[in-house]
Amino acid sequence: MSFAQKLLSWYAENGRDLPWRNTKDPYIIWLSEIILQQTRVEQGMPYFYRFVEAFPTVEAFSRAEEEEVLRLWQGLGYYSRARNMHKAAKMVMELYGGEFPAAYDKVIKLSGVGEYTASAIASFSAGEKRAVLDGNVFRVLSRYLAIDVPINTTHGKKVFSEVAEEMMSAEQPGLYNQAIMDFGATVCKPRGPLCSSCIFRYECAALQQGVVSELPKKIKGKASRNRYFNYFIIENENGILMSQRPEGDVWANLFEFPLIETEQLLTQEELVETDAFKQHFGPSEVHQIGKTVKHVLSHQNIFANFYRIIKPVDLEQKKANWCYYNSENLDKLAKHKLIFTFIDKYMLN
DNA sequence: GAATCGTGGGT
DNA sequence: TACCCAAGATT
C-alpha cells in the first residue's frame, strides 16, 4: 500500500470526529480554518460554536459590526484574524454575490486566507487536489522521508510543498489532507511521538536513522524582548477610562486602561516622578493593585503594573483615544487578556 | 524574506 | 524554568 492509502486507512479507523468535518459548506469550513490557524483544536472549539451561532451565514457575518466580531474573538489571540475575517465576509458579498466560494483560486483572494487555508477549503469542500502544508504536514513528511531542510525558510517551504503534492492521494484529496493533519496531531507528535505502534514504523526513514526527535529542522528565531507597561485605573461618575491601542503594535485596536510604557520596570516612587506620569496625571494619589504581572507573547514579554488613581485631576482632552465607559459599555469592548483577566480578578462585583 | 502577531498546553 | 509549538498570514 502507498503512503496515502495507509494514511487513509488509518484515518478511517482513528480519525477524530470534529464538528466542522460533518459539512462541505465552504463557509463553515472557512470559519473553522481561520479559528484553527496556529491554534489547538481544544482551544478553538468553543469559538467555532460561538461564531457559527452568532453568524449562521456569511451574509450575517458581513453585516456585523467589527466591534462585535472582535468581542466574540476576545481571548483567542492573533486578532488580525478576526479583522481579516470580517473583511473577507464583506468581500464574499461584493465579489461573489454572497455565495461563499470553494474553489482555490477564489478563496485565496480573501483577506486572511493564504495557501494553507485555501487548500483546506478547496479540498474539503470541493475535492480539489491541493496539498495542505501546515505544522503537522511538515513534521510527518520530514520524518517519514528524513528531510532535514529547515521548514521555516523559503527554500524549505518550496521543497516540502513539492513533496506534499507528490505524496497526496489523487482520489480523495480532502480526506487525505484531514488524515495527514490528524495523524500529525495525534501520532506523529512534536514530542513523544507514538513510533512503536505507528503504522509507518517499518518504513519511516527518520525512525530507521534514529533522528525522529531532530525533525523537522527549524531555524531559531530572535529572542523575545521585554516591555514594561504601567496601567492606570481611573473611574468617575461617567465610568472607567479606557484607551484604544494603536495600529502597528501588539493588540491593535483592542481596548485597555490608559498606559505609560517605560524602558525599565519602575517602582511606584520612580513612576510618579516620570514626565509622562506628571503630564497625564499631575500630582495625584496612586496605589498599586496586585503585583507585577508577567504576560508572555510570542515575541515579547510584558511586565505589567496596575495602579489606581484615587483622586483624578481634570483629565479632559488628555488623549484623543481615551474615553469613559460605564460598566455595560465596558463589557462590549474587545479587550486583550491582560485587561480582562485584571477586570475579572479585581473589578467584578 | 525576516519579523510580527496571542494564548494555552506540554515537557 | 524555559522552551517548544499549535489546521498561518501579512508586511
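The chains referred to below are lettered A, B, ... by the order of the sequence lines, with proteins before strands, and numbering in each begins at 1.
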What is the nucleic acid contact for [X], judged by heavy atoms within less than 4.0 Å: base, sugar-phosphate only, or nothing?
X: A/Thr153; value: nothing
X: A/Lys220; value: sugar-phosphate
X: A/Thr117; value: sugar-phosphate
X: A/Gln178; value: nothing
X: A/Asn177; value: nothing

Sort me out a list of protein N/O and nucleotides 7-11 of chain B N/O pairs below 3.5 Å, or just none if empty.
{"residue": "B/dT7", "atom": "OP1", "partner": "A/Tyr79", "partner atom": "OH", "Å": "2.8"}
{"residue": "B/dT7", "atom": "OP1", "partner": "A/Lys337", "partner atom": "N", "Å": "3.1"}
{"residue": "B/dT7", "atom": "OP2", "partner": "A/Trp251", "partner atom": "NE1", "Å": "3.2"}
{"residue": "B/dT7", "atom": "OP2", "partner": "A/His295", "partner atom": "NE2", "Å": "2.7"}
{"residue": "B/dG8", "atom": "N2", "partner": "A/Arg40", "partner atom": "NE", "Å": "3.4"}
{"residue": "B/dG8", "atom": "N2", "partner": "A/Arg40", "partner atom": "NH2", "Å": "3.2"}

With ring centroids as reference points, do [X] and [Y] lie under 6.0 angstrom apart?
X: A/Phe306; Y: A/Tyr346; answer: no
X: A/His280; Y: A/Trp322; answer: yes
X: A/Phe183; Y: A/Phe200; answer: yes

Taking salt bridge (Lys or Arg N to Asp or Glu O under 4.0 Å) as the test, write out the residues that go with [X], two or more places apart.
X: A/Lys337; answer: none
X: A/Glu256; answer: A/Arg245
X: A/Glu203; answer: A/Lys6

(request) With sequence neighbours excluded, give me every salt bridge (charged side-chain N to carboxylate O under 4.0 Å, His left out) pair touching residues 9-21 of chain A. (result)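 Found A/Arg16-A/Asp182, A/Arg21-A/Asp182.
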(message) For a 4.0 angstrom threshold against heavy atoms of chain A, report the outermost contacting nucleotides of DNA chain C in 5' to 3' order.
(response)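 For DNA chain C, the relevant span reads C/dC4 to C/dT10.
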When you measure from every atom of DNA chain B, which of [range] have a heavy atom less than 4.0 Å away?
range: residues 6-30 of chain A; value: none
range: residues 100-108 of chain A; value: none
range: residues 130-141 of chain A; value: none

(request) Apply the side chain to side chain contact (heavy atoms under 4.5 Å, CB included) test between A/Pro173 and each candidate in A/Glu128, A/Met168, A/Arg130, A/Gln178; give the one that qualifies. (result)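 Looking at A/Glu128, A/Met168, A/Arg130, A/Gln178, the match for A/Pro173 under the side chain to side chain contact (heavy atoms under 4.5 Å, CB included) is A/Met168.
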(message) So, using side-chain hydrogen bond (donor to acceptor under 3.5 Å, both in side chains) as the criterion, who are the partners of A/Ser169 when residues are at least two apart?
(response)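 For A/Ser169, no residue satisfies side-chain hydrogen bond (donor to acceptor under 3.5 Å, both in side chains) once neighbours in sequence are set aside.
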(request) Considering only Ile, Leu, Val, Met, Phe, Trp and Tyr, and joining two whenever side-chain heavy atoms are under 4.5 Å apart, list the other residues clustered with A/Ile108. (result)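 Its cluster partners, ordered by chain and number, are A/Tyr104.
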Pairs under 3.5 angstrom only: tabulate donor-acceptor contacts from the side chains of residues 34-43 of chain A to other protein residues two or more places apart or in another chain.
{"residue": "A/Gln37", "atom": "NE2", "partner": "A/Gly112", "partner atom": "O", "Å": "3.4"}
{"residue": "A/Gln37", "atom": "NE2", "partner": "A/Thr117", "partner atom": "OG1", "Å": "3.0"}
{"residue": "A/Thr39", "atom": "OG1", "partner": "A/Ile35", "partner atom": "O", "Å": "3.4"}
{"residue": "A/Thr39", "atom": "OG1", "partner": "A/Gln37", "partner atom": "O", "Å": "2.8"}
{"residue": "A/Thr39", "atom": "OG1", "partner": "A/Arg81", "partner atom": "NH1", "Å": "3.1"}

(message) Judged by each residue's nearest nucleotide on DNA chain C, which is more toward the 5′ side, A/Gly184 or A/Leu110?
(response)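 Its nearest nucleotide being more 5', the pick is A/Gly184.
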